[in-house]
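Worth knowing before you read on, the calculation uses all heavy atoms, side chains too, and leaves out hydrogens, waters and symmetry mates. Small disclaimer: the values here were computed from a predicted structure and weren't measured.
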Amino acid sequence: MKILISADMEGATGVTWPADVLPGTPQWERCRSMFTSDVNAAVLGFYDGGADQVLVNEAHWTMRNLLLEHLDARVEMLTGRHKSLSMVEGVQHGDVDGIAFVGYHTGAGSEGVLAHTYLANSITGVWVNGVRASEGLLNAHVVAEYGVPVILVTGDNLTCLDAAGYAPRAVTVAVKDHVSRYAAVCRTPARTAADIRAAAKEATALAVRREPVRGGPFTVELEFDAEHLAMAATVVPGAERCGERRISYTSRTMYEGIRTFKAVTTVVSAAVEEQYG
């Protein structure tokens, strides 16, 4: 049995504000160990539950945040940027039985600690076939096309509620309770590690491959905080304006959809000016 862990950082233990997750800051350096603790707890829990192999895919920012030397010796880690499926890279090879979203968060325009979708700012909302989407929902659509169930989700309490919409059977762990976008009531690393390990052990029983879901076509709509960003996004083939600050595109599969999404966000990120956005 092989488990893939998609590891993001905004939903990790103790993380509540931008400096906690921005590579190079003293706070990021401090929070890396708590992020690693969350991931390692999931790794240990999956091995406790009978997994034979666990692969961790780094999914935050530069995708070089976890402390490999602090992970269980049995695990393997995929680190670094520029991967075909980004946050869920590795699911496409046909050997993954279940996936965990560790350290996840809610989507742009929603309540939640450090809520966003791919870009830390600029995007104010994402919808898939009319449903407001978080990164969790987007990635759940992708992995469903490979028959891989989402079995565990960790993050703040609102992230756990969000997961109920796209992975209702998944085991969830709230490592903190949302107060505002930059504040939360946090559990200690010792407590969250124990909770995540127990949840991962339980979730291992859900790691059963399914028939691939062909849910397309998918119409993805993005709203930005400035008009020029919508204009910039239309250089991506298939992306069209559908409002003053909105674009949309339609893909036959979410494999295509997430790759187009990545292209749009890359173009938009390059179009953001330092002072005026």
Side-chain angles (χ1 to χ4, degrees), residues 2 4 6 8 55 57 59 63 78 81-101 104 106-110 116-119 122-151 153 162-170 207-224 229-243 245-271:
K2 181 176 179 179
L4 176 64
S6 173
D8 204 358
L55 173 66
N57 178 34
M63 300 183 177
L78 172 57
R81 298 178 63 187
H82 310 304
K83 297 173 283 196
S84 294
L85 287 180
S86 190
M87 297 181 76
V88 292
E89 178 68 22
V91 76
Q92 68 267 46
H93 302 305
D95 60 349
V96 174
D97 299 294
I99 187 167
F101 295 165
Y104 268 50
T106 55
S110 300
H116 69 284
T117 306
Y118 268 63
L119 301 183
S122 302
I123 295 175
T124 57
V126 177
W127 294 263
V128 176
N129 292 343
V131 177
R132 185 179 281 274
S134 61
E135 292 169 9
L137 185 145
L138 290 170
N139 292 333
H141 278 307
V142 175
V143 302
E145 292 182 344
Y146 296 94
V148 177
V150 179
I151 62 174
V153 179
D162 180 54
Y166 62 78
R169 296 186 61 200
V208 179
R209 291 182 57 79
R210 305 169 182 173
E211 286 297 315
V213 175
R214 307 301 180 192
F218 296 98
T219 296
V220 180
E221 186 173 344
L222 292 89
E223 180 184 77
F224 305 101
L229 299 180
M231 178 181 67
T234 60
V235 303
V236 176
E240 299 179 349
R241 295 283 284 269
C242 60
R245 294 180 292 108
R246 292 190 179 211
I247 64 101
S248 69
Y249 64 88
T250 299
S251 301
R252 293 176 302 167
T253 66
M254 190 47 78
Y255 169 82
E256 296 175 358
I258 203 68
R259 289 163 65 84
T260 301
F261 191 91
K262 182 64 175 175
V264 167
T265 55
T266 298
V267 168
V268 166
S269 181

*Any side-chain donor near an acceptor of the partner, T124 and E223, under 3.5 Å*: yes
*Trace of the side chain to side chain contact (heavy atoms under 4.5 Å, CB included) decision for I151 with I99*: CA-CA 6 Å; I151 62 174; I99 187 167; over 6 Å; no
*asked:* Quick one: does any side-chain atom of S6 pair with a main-chain N or O of V88 as donor and acceptor, under 3.5 Å?
replied: no
*Check whether any side-chain heavy atom of P149 lies under 4.5 Å from a side-chain heavy atom of R169, and answer yes or no.*
no
*asked:* Check K2 with D97, please: is the shortest side-chain N to carboxylate O separation under 4.0 Å?
replied: no
*Say whether, by atom type as modelled, one donor and one acceptor occur between the side chain of Y249 and the main chain of V264 under 3.5 angstrom.*
no
*Quick one: pull up CD in E89 and CG in L55 and give me the separation to the nearest 0.5 Å.*
9.5 Å
*Could you tell me which non-hydrogen atom of G257 sits nearest to which non-hydrogen atom of S251, and how far apart they are?*
CA-OG, 3.4 Å
*Return yes if a side-chain donor-acceptor contact under 3.5 Å exists between Y166 and N139, otherwise no.*
no
*Listed partners of T106 passing side-chain hydrogen bond (donor to acceptor under 3.5 Å, both in side chains), at least two apart*: none
*Backbone N or O of A108 within a donor-acceptor pair of the R132 side chain at under 3.5 Å?*
yes
_Go through it in stages, so that I can follow the logic: the residues are R241 and T234, the test is side chain to side chain contact (heavy atoms under 4.5 Å, CB included), and I'd like the CA-CA distance, side-chain angles, deciding distance and then a yes or no._
CA-CA 7 Å; R241 295 283 284 269; T234 60; 3.8 Å; yes
*Report yes or no: does S269 contribute a side-chain atom to a donor-acceptor pair with the main-chain N or O of T265 at less than 3.5 Å?*
no
*asked:* Tell me the closest heavy-atom pair linking A167 and V150, and the distance in Å.
replied: CB-CB, 3.8 Å
_Measuring from atom CG of L229 to atom CG of L222, what distance do you get when rounded to the nearest 0.5 angstrom?_
11.0 Å
*Spacing of CG belonging to L138 relative to CE belonging to M87, to within rounding of 0.5 Å*: 9.5 Å
Return all side-chain donor-acceptor pairs below 3.5 angstrom for residues 210-221, not counting sequence neighbours, or 'none' if the list is empty.
unit_1: R214; atom_1: NH1; unit_2: E145; atom_2: O; d: 3.3
unit_1: T219; atom_1: OG1; unit_2: T250; atom_2: OG1; d: 3.0
unit_1: E221; atom_1: OE2; unit_2: R246; atom_2: NH1; d: 2.6

*asked:* If you compare all heavy atoms of I247 against all heavy atoms of A239, which two are closest, and at what distance to 0.1 Å?
replied: CD1-CB, 4.2 Å
*Please report the shortest heavy-atom distance between A232 and V267, naming the atom on each side.*
O-CG1, 3.4 Å
*V148 vs L4, side chain to side chain contact (heavy atoms under 4.5 Å, CB included): CA-CA, chis, key distance, verdict*: CA-CA 10 Å; V148 177; L4 176 64; over 6 Å; no
*Hey, are D162 and S134 close enough side-chain-wise for a donor-acceptor pair under 3.5 Å?*
yes
*asked:* Treating R209 as the side-chain partner and V96 as the backbone partner, does any N or O pair qualify as donor plus acceptor under 3.5 Å?
replied: yes
*When rounded to the nearest 0.5 angstrom, what is the spacing between CZ in F101 and CG in D8?*
10.5 Å
*Close side-chain approach of K262 and I258, heavy atoms under 4.5 Å*: no
*About how many Å separate OH of Y118 and OG1 of T266, when rounded to the nearest 0.5 Å?*
9.5 Å
*asked:* Under a 3.5 Å distance rule, please check whether S86 uses its side chain to pair with a backbone N or O of K83 as donor and acceptor.
replied: no
_Which heavy atom of V268 sits nearest to which heavy atom of A233, and what is that distance?_
CG2-CB, 3.9 Å
*State whether the number of non-hydrogen atoms from other residues, nucleotides or ligands found under 6.0 Å of R252 atom CZ is greater than 12.*
no
*asked:* Can you tell me how the ring of Y146 sits relative to the ring of Y255, calling it parallel under 30°, perpendicular over 60° and tilted otherwise?
replied: perpendicular
*Quick one: does H116's side chain get under 4.5 Å of I123's, heavy atoms only?*
no
